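Handing you this structure, nothing more for now.
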Amino acid sequence: MSRLQMDLPGLTLKNPIMPASGCFGFGKEYAQFYDLSLLGAIMIKATTAEPRFGNPTPRVAETTSGMLNAIGLQNPGLEKVLENELPWLNQFDVPILANVAGSQVDDYVHVAREISKAPNVHALELNISCPNVKTGGIAFGTIPEVAADLTKRVKEVSEVPVYVKLSPNVSNIVDMAKAVEHAGADGLTMINTLIGMRIDLKTGKPVLSNRTGGLSGPAIKPVAIRMIYEVSQAVSIPIIGMGGVETAEDVLEYFYAGASAVAVGTANFIDPFVCPTIIEELPKLLDDLGIDHISECIGRSWGKDAKTINYSS
Amino acid sequence: MSRLQMDLPGLTLKNPIMPASGCFGFGKEYAQFYDLSLLGAIMIKATTAEPRFGNPTPRVAETTSGMLNAIGLQNPGLEKVLENELPWLNQFDVPILANVAGSQVDDYVHVAREISKAPNVHALELNISCPNVKTGGIAFGTIPEVAADLTKRVKEVSEVPVYVKLSPNVSNIVDMAKAVEHAGADGLTMINTLIGMRIDLKTGKPVLSNRTGGLSGPAIKPVAIRMIYEVSQAVSIPIIGMGGVETAEDVLEYFYAGASAVAVGTANFIDPFVCPTIIEELPKLLDDLGIDHISECIGRSWGKDAKTINYSS
Amino acid sequence: MIKKENMVVVSQRGIAENIFELILEGELVKEIKEPGQFVHLKVSGSTDPLLRRPISIANVDKINNQFTMIYRSEGLGTRVLSSKLPGDLVDVLGPLGNGFPLAATESGETALLVGGGIGVPPLYELSQQLVANGVKVIHVLGFQTSSAVFYQEKFEKLGDTYVATVDGSCGEKGFVTDVIKKQGIIFDTLYSCGPTPMLKALEASYHDRNAYISLEERMGCGIGACFACVCHTAEDPTGFSYKKVCSDGPVFKVGEVVL
Amino acid sequence: MIKKENMVVVSQRGIAENIFELILEGELVKEIKEPGQFVHLKVSGSTDPLLRRPISIANVDKINNQFTMIYRSEGLGTRVLSSKLPGDLVDVLGPLGNGFPLAATESGETALLVGGGIGVPPLYELSQQLVANGVKVIHVLGFQTSSAVFYQEKFEKLGDTYVATVDGSCGEKGFVTDVIKKQGIIFDTLYSCGPTPMLKALEASYHDRNAYISLEERMGCGIGACFACVCHTAEDPTGFSYKKVCSDGPVFKVGEVVL
Ligand SMILES: Cc1cc2nc3c(=O)[nH]c(=O)nc-3n(C[C@H](O)[C@H](O)[C@H](O)COP(=O)(O)OP(=O)(O)OC[C@H]3O[C@@H](n4cnc5c(N)ncnc54)[C@H](O)[C@@H]3O)c2cc1C
Ligand SMILES: Cc1cc2nc3c(=O)[nH]c(=O)nc-3n(C[C@H](O)[C@H](O)[C@H](O)COP(=O)(O)OP(=O)(O)OC[C@H]3O[C@@H](n4cnc5c(N)ncnc54)[C@H](O)[C@@H]3O)c2cc1C
Ligand SMILES: Cc1cc2nc3c(=O)[nH]c(=O)nc-3n(C[C@H](O)[C@H](O)[C@H](O)COP(=O)(O)O)c2cc1C
Ligand SMILES: Cc1cc2nc3c(=O)[nH]c(=O)nc-3n(C[C@H](O)[C@H](O)[C@H](O)COP(=O)(O)O)c2cc1C
Ligand code: FES
Ligand code: FES
């Protein structure tokens, strides 16, 4: 067995590297650069029941070592994804995680039921960072009970394992993780973006027309590592980690924190070859560190007495 | 009146720039570099009832465009601060905000009562990011009711206005802000650090001996701007903003978001002259932007219909 | 094909106030197809600035494998770019997007090229190729003020060239649209690149003509994957139909997309 | 007085595997007081790396306003530093901290200088100044392996010099403490800088001697303001009493602080 292979619920990953949802479209653009079968998996762009245009532009802004986006879940809608995008991806030997979004439980359930039937969709990724219009815009991802209920409902209909994507914009990430684990989640993916904002001094207005956006990139990596470190010790389902990953070293830092696979988002925009480059560099890095198989790295940093004391500053 | 002067509860600031708590000690070290009377104010290092040594070293780690610290509130304790530090600072014409910390309500109340009597302490800054030993270590700063109760108790004894320092590690910063406003806070300071972590690949261990630490520096600026933007529109008490401020432009971005003054933390370590440099550059920047008085900048980005929709990514 | 290459700086010089002309050399030049395509630049190995910067291709020298960009040094990224010296490497992703359709103008016809500010550069390569095709070119170039004007003589060598400045400090005072009307310029095809207000003014006057405009939008990936740079299409101005500026554009037929 | 200055790179060269010698020039040199002081460097104008890097002063040339640093290129900051060329500027904060007490050794006495790896550099300036004071110096320098050895001849010119490498590829095989014992070195004062395990071993053997050690700790400010670099004092090993490595140290009398 390859020293990079990882087996996760629903997913046999030839390596634990996959592009993160929303940062890779449905793969077509990156297929110009390399064979997508090289990837461990692909997390496709969020799919909603109906097509969405998303937010007005500008939709991205730069921050120090990070970027903000407020794409607003633009996607062609479930039907077109099933008709065009997934069949096209079928030419590659790579499992797909379908990122499912919505603004009410029924939307999620509908998309999850249908998209989980696609032959190359090996798992769902529930994007619970969107506002729940029914409960007044409070995100599914910030109230454990609401997230758990959604997870349960989606689990009931999904034909493939369900990973829940956690939002970092919460007081207690461990509570969220435990709630969705308890509700039947097969795995976690984390973290989604932190909410942030930039203001243009010349216009006096927020740079993004949506005003706030999701902060991604290297700036957020320490927050992701901390949350994965805490959550991985509190749950027994695997975690796909993400947030600012750019190098093979970053991947191992995620594994050490407790992740079992890693997704690469923003870095694809900076270097379209970043995923295959990381995959190529990982074995050498494992050699340097004297590690046989990457799975040995999972949770290396936990230590014996892994309780953390947040008496910082 | 100077175009930089700002009047806040308890504080007449000749300019709205002050070093952030914990990033300036009690001022002595920076007095080697410039006259501290140049500053708008000084937020001194957190003071606790008893002396604290803090956490074991290493206590700082670098992240991309940020740093983690887990100093652990090292300080000489209330008595010594009253005896040595505050009298020494009295030689400068600069108001002091005394950062008050503790692990139970009574500690806070005791420190607040005593330190607010010092002649040059013009305001308190309640550091509610500390774990509350009574509630099992959950930070005062993550539960609105707990924070409100603490604020009320401190307000009862303080002889000067009380600013509450909000932690960004919460699901809903507006709820926190409203809770402490309702409890009598005279102002807010925000944000404290995000909780983060780094792991050393060679040792396999967290870089910080405390494992997690507080993330500060330019990396967190977009999170701070977003929170201040949201909170400033929901409360009617002034906000002293902080998080990654390095330049005069950053200061105005904070004002545009809704802050009425700005604190500079981590940047002091990179450039000990950063505060006087910003103070010097602000008037020129105001000229460039055609602004008479810096107070005109407060909340410029709010727009007419300032509701934000967090439908990001 | 889109390549990613560390290209070598051949030369860099200031040609107007805060405006730089940068010549890069490398294999990527072989892939450039049309005037109006752009490149996406990573200006430093550091994470700050993090994102690439889109800059148009202003001149192509296939013989020497070189191309020229002209850009304004404004924010962090372009400021760092302007510090590059001959021999330094720049990480270039490109060529990207679809450029101006040369075939839209036949030999002997007249093309009007209208540029505004840092929208002027891609018109230079376009103009040269049109002239090589036997097209008569007329340029109307708008700038803020005289110190911002660049490449005027170069354009003059290719065809009639009118310069307009907002403050009248060089050429005519006013906007490019004023100049076109005042001079009574007659053309078969219109090609334009510049700020959105300028493009909107052109669209208002020439929406029924054979006109092509190049758009600007904030970009993430630059290759069509992130949905940062979309615009609505004209036949479905509030619906789900969209075009991506980076991969469907940046050049569109006038009226194709909503400005 | 502590200064902050953009100092000019006079020269930079590799002197061992991943080890660089960097000479900087500027007014700040006038402020250097003692061997063992250090500087805090910002290696780039970017926010990544964000923090300054502490590096010891290895040699001072007051006549030319120059000083030398010797450092290992390891992480991001030192890697960026190693790319600096003559004429480039480096943002230096310093001189910082308290160095080795020269007065602790009288003329005619013998000083033993024990260095480990990148702890060796500050001993070079110290040795020169001791020799200038009429002190006899003996050096014991420990390195990982032969390719990591530097400045051996320079130290030899100043006094007896023993090199030890962990793998025995240069000098004696083993640790500096082994060498000191094996050679039966007799001394009046001990000065040392190097990794903590080495300092601990020296402390164990020489805690009752006239010995001075230079510590390393992760730093924030470098000037005593942030409390990043504290250590417990020996008379109060678990209490509130502390020393800051940056401003009280980095040199302490052996036994003064808890290693
Ligand atoms: C297809 C295309 C072609 C372009 N061609 C040229 C050219 O030939 N010459 C030239 O000077 N400029 C050109 N621009 C504009 C150029 O991309 C911006 O001026 C540049 O990105 C600003 O970067 P900065 O580092 O100076 O500013 P910063 O303020 O640091 O930029 C912050 C972020 O905003 C983006 N941004 C800022 N302004 C613009 C803008 N006007 N358009 C798109 N993104 C922006 C940046 O790319 C970056 O992501 C072009 C833009 C596009 C989309
Ligand atoms: C007083 C003092 C004097 C020193 N003198 C020298 C010298 O003369 N030559 C030399 O090569 N090295 C010296 N060091 C060690 C040097 O500071 C580190 O090797 C350097 O900071 C590592 O930076 P980096 O960019 O290579 O590593 P990175 O891994 O990028 O560093 C990340 C962070 O950790 C800190 N850090 C990492 N290793 C160390 C360390 N060993 N000590 C303190 N901080 C560290 C960095 O300063 C930075 O904040 C000295 C350290 C101290 C405290
Ligand atoms: C432009 C952009 C679009 C994104 N769209 C989605 C999305 O549709 N669904 C989702 O779950 N996450 C989305 N994300 C979040 C990423 O999948 C990822 O969680 C986050 O960006 C952190 O990883 P990174 O720092 O590597 O980018 C998006 C991120 C970006 C930058
Ligand atoms: C080393 C260090 C120590 C700190 N100590 C304190 C403290 O004692 N009390 C407090 O309220 N905040 C403390 N903070 C947080 C800062 O005051 C500030 O809120 C935060 O660092 C964000 O600002 P910055 O990005 O400008 O550093 C500390 C921050 C740092 C980096
Ligand atoms: S910039 Fe990413 S789709 Fe156009
Ligand atoms: S590094 Fe800040 S106190 Fe020593």
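None of these values were measured; they are calculated from a predicted model. Note on naming: letters A, B, ... go to the chains in the order of the sequence lines (proteins, then strands), and numbering restarts at 1 for each one.
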Check your understanding: Considering only heavy atoms, which portion of A:Asp271 lies under 4.5 Å from any heavy atom of chain C: side chain, backbone, both, or neither?
Key ->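 It is both, since atoms from each part get that close.
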
Practice item. Quick one: which of C:Cys229, C:Gly75, C:Gly224 has the most heavy-atom pairs under 4.5 Å with chain A, could you say? Key: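 Between C:Cys229, C:Gly75, C:Gly224, the count favours C:Gly224.
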
Review point. Which region of A:Glu246, side chain (C-beta onward) or backbone (N, CA, C, O), has a non-hydrogen atom less than 4.5 Å from a non-hydrogen atom of chain C, or is it both or neither?
Key: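 For A:Glu246, the contact with chain C is made by the side chain alone.
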
Point to revise | A:Phe53 vs C:His232, ring-ring contact (aromatic ring centres under 6.0 Å, His included): CA-CA, chis, key distance, verdict | key: CA-CA 9 Å; A:Phe53 180 83; C:His232 283 285; 3.6 Å; yes

Exercise for review: Among A:Pro51, A:Gly25, A:Cys23, single out the residue with the greatest number of heavy-atom pairs under 4.5 Å to chain C.
Suggested key: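 Heavy-atom pair counts peak at A:Pro51.
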
Point to revise | Per-residue contact mode, C:Ile223 against chain A (heavy atom under 4.5 angstrom) | key: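 Both parts, backbone and side chain.
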
Exercise for review: Tell me, with the steps shown, if A:Met242 and A:Val262 meet side-chain contact (heavy atoms from CB on, under 4.5 Å).
Suggested key: CA-CA 6 Å; A:Met242 65 196 79; A:Val262 165; 5.8 Å; no

Practice item. Please work out which of the three classes, parallel, tilted or perpendicular, describes the rings of C:Phe20 and C:Tyr71, given edges at 30° and 60°. Key: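 Ring orientation, 0 to 90° scale: parallel.
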
Point to revise | Backbone of C:Gly97 reached by a side-chain donor or acceptor of C:Gln37 within 3.5 Å | key: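 Pair found, side chain donor or acceptor close to backbone of C:Gly97.
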
Check your understanding: Does any heavy atom of chain A fall under 4.5 Å from the side chain of C:Ser46, the backbone, both, or neither of them?
Key ->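 For C:Ser46, there is no contact with chain A at all, as no heavy atom is under 4.5 Å.
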
**Study point:** Residue, of A:Tyr30, A:Phe26, A:Phe24, that accumulates the most heavy atom pairs under 4.5 Å with chain C
**Key:**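 Most pairs with chain C among the choices: A:Tyr30.
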
Point to revise | Among the listed options C:Thr47, C:Leu93, C:Thr238, C:Asp91, the residue most often paired with chain A at heavy-atom distances under 4.5 Å | key: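 Top option by heavy-atom pairs under 4.5 Å: C:Thr47.
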
Check your understanding: Does the side chain of C:Thr233 pick up a donor-acceptor pair with the side chain of C:Asp236 at under 3.5 Å?
Key ->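 No donor-acceptor contact under 3.5 Å links the two side chains.
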
Point to revise | Main-chain N/O of C:Ser44 paired with C:Lys42 side-chain donor or acceptor, under 3.5 Å | key: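 Side chain of C:Lys42 to backbone of C:Ser44: a pair is present.
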
**Study point:** Salt-bridge present (C:Lys243, C:Glu217; N to O < 4.0 Å)
**Key:**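 No, C:Lys243 and C:Glu217 are not salt-bridged.
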
Point to revise | Option that, when pairs with chain C are counted at under 4.5 Å, heavy atom only, ranks first among A:Gly66, A:Gly54, A:Pro76 | key: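 Heavy-atom pair counts peak at A:Gly66.
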
